[in-house]
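Here is the structure we will look at.
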Amino acid sequence: MSESSNNWSGDPSHPAILGGLAVRPAGPPGWPLRDDAVLDVLKLAWESGTWGHYHGGHVKKLRARVSGLLEVEHVIPCASGTVAVELALRGLKIGPGDEVILSAYDFKGNFQNILTLGAVPVLVDVGERDWQLNTAGLKAAVTPRTKALLVSHLHGGMVAMPAVMEFAREHGLPVIEDACQMPGAIIGGQQAGTWGDIGVWSFGGSKLLTAGRGGLLYTNRADVAQRIHLYAHRGNESYPLSELQAAVLEPQLDALEQRNATRASNVQQLRELLLTIPGLHPFTESLIDSQPGYYKLGLQFEAALWDGLTRDRFAQAMRAEGIAIDAGFRSLHRIHSARRYRAASLLREADRADEQVLTLHHPILLTESAGELQEVATAARKIRDHAEEIARRTGE
Ligand SMILES: *Cc1c(COP(=O)(O)O)cnc(C)c1O
């Protein structure tokens with residue numbers, strides 16, 4: 001019998017990518033949650049008519065909530081996390097010829113926002129085991145043209161904010177802290193996003209707090225808030241968050257702390273389960289007094305241990321099993337012309353991150369069933385056991 005005949009269909013021990021039965025035949029859990037509390041606010045917004053108002057009270061309430069939670073004075077809702085970063089850069093007067101330091105492994109929109117303002121992104125390398133911005137690389141990145149640092153906490157990792165802020169103060173530089181992936185996370189005993197001069201959240205459709213679209217930024221600097229206000233208000237707000245978007249965020253903010261705790265405890269369990277899979281390592285967490293948020297859980301895929309199976313094929317095989325795993329970001333120096341940026345050093349770890357990062361999407365991290373977490377490890381184990389065969393039969 002030839003190998004391609006379908007004698008494994010329905011066999012749960014055989015990889016779904018080769019025709020076996022998927023570990024999760026129904027696929028990964030969906031997002032957003034079917035949350036009754038969200039339905040309630042939608043009904044209320046309909047009954048009161050506020051869903052169709054410019055100023056129905058929901059945006060105002062959201063600003064007050066976030067201001068209280070983060071202990072920040074100025075909260076500016078806007079149309080997306082990407083716009084929030086752009087407004088933050090404008091609030092710091094970044095312009096042509098200025099340099100902004102960021103990690104070479106970061107959200108592409110952050111790089112593009114710097115270019116949009118005519119400024120030059122200066123890329124620093126990431127750390128070896130957590131793949132967050134490596135603060136040891138900051139010194140070599142600074143020039144007389146440096147005007148700001150833009151730092152993002154990614155994939156459940158945390159940038160060492162105490163070290164970033166110490167460096168920034170020493171050099172008189174403002175910091176934009178992108179906390180889009182971890183609203184409500186605690187870093188060094190303090191809310192993520194509040195270390196920097198300006199913090200940023202996203203309410204995009206896949207994010208932990210979702211309104212489909214939307215974002216906000218926050219700062220204690222009156223000059224920055226004023227500059228952003230002058231730029232964004234043109235008789236009306238030019239990058240608004242709508243009343244309806246703000247309304248659906250209210251109950252999600254109520255549940256944020258609890259859900260972050262559930263995700264964190266599930267990540268701890270998943271870390272233990274994945275110890276049995278060689279060549280698949282969750283990002284390390286090294287900061288004390290911290291509780292990261294998990295929009296994604298970052299994992300390192302060590303290809304040398306996978307019998308010729310590539311990272312991207314592994315991700316494809318996991319998705320066939322019903323587990324939402326994808327390749328991470330492309331590193332910025334690898335997808336942009338060298339004329340667009342300056343590299344502060346060799347970007348060796350960012351090269352590795354470009355090739356080795358995988359991300360597990362967050363919805364499964366809210367599960368209350370240990371069995372569902374086990375399924376992630378079971379799927380990885382199944383692929384591990386058939387790695388050579390998958391590589392060969394899927395054409396690698
Ligand atoms: C999602 C995200 C953004 C942008 O948010 P949008 O609302 O999608 O524009 C920015 N930075 C990081 C790290 C993100 O994950």
Side-chain angles (χ1 to χ4, degrees), residues 31-32 62 66 75-91 100-117 121 123-124 126 130-133 148-159 161 164 175-185 187 192-196 198-218 232 238-242 245-246 248-249 252 260 263 283 292-298 324 326-332 335 350 353-354 357-363 365:
W31 195 256
L62 178 70
V66 175
V75 176
I76 305 171
C78 61
S80 71
T82 304
V83 159
V85 171
E86 181 188 336
L87 292 176
L89 290 163
R90 290 192 186 278
V100 178
I101 298 172
L102 79 166
S103 165
Y105 181 86
D106 199 352
F107 179 66
K108 191 170 186 254
N110 289 351
F111 183 95
Q112 286 177 326
N113 269 328
I114 295 167
L115 293 182
T116 295
L117 293 180
L123 304 180
V124 299
V126 286
D130 68 352
W131 286 338
Q132 309 299 303
L133 179 136
L149 312 181
L150 169 50
V151 302
S152 312
H153 309 292
L154 299 174
H155 312 335
M158 293 170 291
V159 177
M161 290 314 295
V164 168
V175 174
I176 300 170
E177 188 181 359
D178 179 344
C180 286
Q181 299 204 350
M182 45 181 75
I187 295 181
T194 65
W195 285 88
I198 309 175
V200 178
W201 282 2
S202 163
F203 304 130
S206 59
K207 297 288 154 99
L208 298 179
L209 296 172
T210 178
R213 299 280 176 176
L216 59 71
L217 58 135
Y218 36 89
S238 43
Y239 305 99
L241 185 82
S242 75
Q245 287 172 304
V248 299
L249 290 165
Q252 296 181 70
N260 277 347
R263 283 185 281 259
F283 281 21
Y294 295 97
Y295 165 60
K296 311 262 183 186
L297 173 63
D326 293 289
F329 295 146
R330 296 301 317 275
S331 286
L332 297 166
I335 51 170
D354 183 78
V357 173
L358 287 164
T359 60
L360 173 69
H361 195 34
H362 65 83
L365 301 177

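Computed over heavy atoms, backbone and side chain alike; hydrogens, waters and symmetry mates excluded. When a ligand or atom number is given, it counts from 1 through the structure's own listing order. None of the values given here were measured: they were computed from a predicted structure.
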Yes or no: does Gly214 have any heavy atom under 4.0 Å from an atom of ligand 1?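 Checking ligand 1 against Gly214, which is what was asked, there is a heavy-atom contact under 4.0 Å.
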Check if His153 has a non-hydrogen atom at a distance under 4.0 Å from any atom of ligand 1.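 No, His153 has no heavy atom closer than 4.0 Å to ligand 1.
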Numbered atoms and elements of ligand 1 in range of [X], under 4.0 angstrom, heavy atoms:
| X | answer |
| --- | --- |
| Ser80 | 7 (O), 9 (O) |
| Thr82 | 4 (C), 5 (O), 6 (P), 9 (O) |
| Ser202 | 5 (O), 6 (P), 7 (O), 8 (O) |
| Leu154 | 13 (C) |
| Lys207 | 1 (C), 2 (C), 3 (C), 5 (O), 14 (C), 15 (O) |
| Phe107 | 3 (C), 4 (C), 10 (C), 11 (N), 12 (C), 13 (C) |

Residue and atom name of the nearest protein heavy atom (relative to atom 11 (N) of ligand 1), distance in Å to one decimal: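 For atom 11 (N) of ligand 1, the nearest protein heavy atom is Asp178 OD2, 2.6 Å.
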Min N/O separation [X] to ligand 1 under 3.5 Å:
| X | value |
| --- | --- |
| Tyr295 | no |
| Ser152 | no |
| Asp106 | no |
| Gly81 | yes |

Would you call the rings of Tyr295 and His362 parallel, tilted or perpendicular if under 30° counts as parallel and over 60° as perpendicular?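 Geometry flag for His362 against Tyr295: tilted rings.
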Could you tell me the separation between the OG1 atom of Thr116 and the CZ atom of Phe111, rounded to the nearest 0.5 Å?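 Here the interatomic distance stands at 10.5 Å.
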In Å, rounded to the nearest 0.5 Å, how long is the span from CG of Leu133 to CE of Met161?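 Here the rounded value is 9.0 Å.
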Shortest non-hydrogen separation from Gly215 to Leu241 and the atoms involved: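 Between these two residues, the closest heavy atoms are N-CD1, 4.1 Å.
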[Y] backbone acceptor or donor facing [X] side chain under 3.5 Å:
| X | Y | answer |
| --- | --- | --- |
| Gln245 | Arg213 | yes |
| Ser152 | Leu154 | no |
| Tyr105 | Phe329 | yes |

Using side-chain hydrogen bond (donor to acceptor under 3.5 Å, both in side chains), reason through Gln132 and His155 one step at a time and then give a plain yes or no. CA-CA 9 Å; Gln132 309 299 303; His155 312 335; over 6 Å; no
Phe283 and side chain to side chain contact (heavy atoms under 4.5 Å, CB included): which single residue from Val357, Thr359, Leu297 fits?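 The passing option is Val357.
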